[in-house]
**Student:** 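One structure is given below, represented as C-alpha cells, and several questions about it will come after.
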Amino acid sequence: MSPKKLIIALLLAAALLAGLFVAMRSSTPAEPVAAFVLPAPLPLPEFSLVDQFDNEVNAETFEKRWHLVFFGFTHCPDICPATLQILAAARARLAENGHAPLPRIVLVSVDPERDTPAQIGKYVGYFGDDNLGVTGSLDELLKLTSALGIYFEKQAGDNDNYAVDHSAAVLLFNPAGRFHALFSGPHKVDDYVHDIPLITKRYP
Amino acid sequence: MRTATLLLLLLLAACADVQQPPLVASDVTITQPMPGKTMRAAYLALTNNTNEAIRISRVSSDAFANVELHETTVVDGVARMRRLPLLQVPAGGTVRLERGGKHLMLMRPTDAADKMSLEFFDGDDLLLAISAPLTPGSD
C-alpha cells in the first residue's frame, strides 16, 4: 500500500474506533448514584400498626404505590425534620420534572410511647399533604423493623425528655408492597431525583 | 516619599491593633417548632478571635427554661443524638452548629415571645450574648 493510502486507512480505522467508543458509552445504561437496589425485593413481614387517621397499617398498605419510608420520631429536633424536608423537596422536584406516579413519603415512629396517631399526623403533615405517619405498639413495630434491618434504641432520659437512636436510612417499597431499594444516606435531594425515575422505570 | 511610606506603615500597624470581640456569632438560625410541639433548634457559627481556645460550658436564654447543646452523629447508618457537656472553639477558629451535627435544643418556652436571647458562658463568665427573632409555629 502507498504511504498515502496507509495514512487514509489508519485515519478511517481511528474514526471507526472513536465512533464505536462513543456509541458504547451512550448505550451504557445509567446506574443509581445513591440507592442500593436489592437483588430480589423483600416481602414485608406480618405486622399491624396504625396511621394518623387510626386506620390499620400492614403489609397491604404499601401496595399499589411506591413508598419512601423513614424511621424516626417527632421529638427528634434535627435529623428527622432534615430528612423529611429532603424527601419532600425531592418529591416536589420529581413532580416538576413530570415524574409520575409520585412516591408517598412515610414516617414510621420508633417512639410509640410518645408518638400518638394525632401527633405523628400533625408532624408529617407539616412536610406535605400526602404523607403517611405510622405508629402503634412496640411489639408490632419490632416485627417490622427487625425484618427490614432497621435499628432503634430508646436512650435514658428524665421523664418525657429522651432521645431514640435509630437507623438513618430511607427505604423504597415497590407497588407490590416489597422492600425494593435502600438509601443509606447522607441524603441529598439530587440523588433521589436521579435514582427514583431510574429505578421505577426498570420495574417490575 | 519616605515620610509617606512611614505614615502608611504606622497606619497599618494601628489598624492591626483594633480589638475584635473575643467570641462572635454568625449565621444564626432558629427553627420553627413542629406542629403540636414547643421545642426549637438553634444553629449558628461561633468564631474565636483570640489566640487561646474558648470553652463554652453553658448556654441560657430568656425565652426557654432549658437550653442544651447536642450533637447528631450517624455512625454505621445509625443516627444518635448526644448531649455535649461543653463546646470548645479553637484559637482563631470557627465551630459551626448546623443540621446533621451540633445544635442547641431550646426547650420549655417561658412565654410567647417574638425574639429570644442566647447567652454563652464559661462557668459564670458571660462570653457572648446575642438576640434572635422567633417565628411562630403553625398549628
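Throughout, a chain's letter reflects where its sequence line sits, starting with A, and its residues are numbered from 1. Any value given below was found using the heavy atoms of this structure, including those in side chains, with hydrogens, waters and symmetry copies removed.
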**Student:** Side chain, backbone, both or neither: which part of Ser167(A) has an atom under 4.5 Å from a heavy atom of chain B?
**Tutor:** both
**Student:** Check Tyr43(B) against Pro77(A) and note the closest heavy-atom contact, atom names and distance.
**Tutor:** OH-O, 4.0 Å
**Student:** Check whether Glu71(B) gets within reach of chain A through its side chain, its backbone, both or neither, counting any heavy atom under 4.5 Å.
**Tutor:** neither
**Student:** Work out which heavy atom in Arg99(B) is nearest to a heavy atom in Ala82(A); give both atom names and the distance.
**Tutor:** CD-CB, 3.3 Å
**Student:** Roughly how far apart are Glu98(B) CD and Asp78(A) CG, rounded to 0.5 Å?
**Tutor:** 10.0 Å
**Student:** Counting only non-hydrogen atoms closer than 4.5 Å, does Phe127(A) touch chain B with its backbone (N, CA, C, O), its side chain (CB onward), both, or neither?
**Tutor:** side chain
**Student:** What's the spacing between Lys37(B) NZ and Cys76(A) SG if we round to 0.5 Å?
**Tutor:** 11.0 Å
**Student:** Might you work through the side chain to side chain contact (heavy atoms under 4.5 Å, CB included) test for Asn161(A) and Met107(B), ending with a clear yes or no?
**Tutor:** CA-CA 10 Å; Asn161(A) 194 17; Met107(B) 296 172 282; 3.9 Å; yes
**Student:** Is Thr74(A) in contact with chain B via its backbone, its side chain, both, or neither, using a 4.5 Å heavy-atom distance?
**Tutor:** both
**Student:** With a 4.5 angstrom heavy-atom cut-off, is it the side chain or the backbone of Gln155(A) that approaches chain B, or both, or neither?
**Tutor:** side chain
**Student:** Could you list which of residues 75-91 of chain B have a heavy atom closer than 4.5 Å to any heavy atom of chain A, in residue-number order?
**Tutor:** Gly77(B), Val78(B), Ala79(B), Arg80(B), Met81(B), Arg82(B)
**Student:** So how far is it from Met34(B) CE to Tyr123(A) OH, rounded to the nearest 0.5 Å?
**Tutor:** 5.5 Å
**Student:** Hey, which of Leu106(B), Thr31(B), Thr72(B), Asn66(B) has the most heavy atom pairs under 4.5 Å with chain A?
**Tutor:** Thr72(B)
**Student:** Taking CG in Asp124(B) as the centre, count heavy atoms belonging to other residues, nucleotides or ligands within less than 6.0 Å. Is the count above 12?
**Tutor:** no
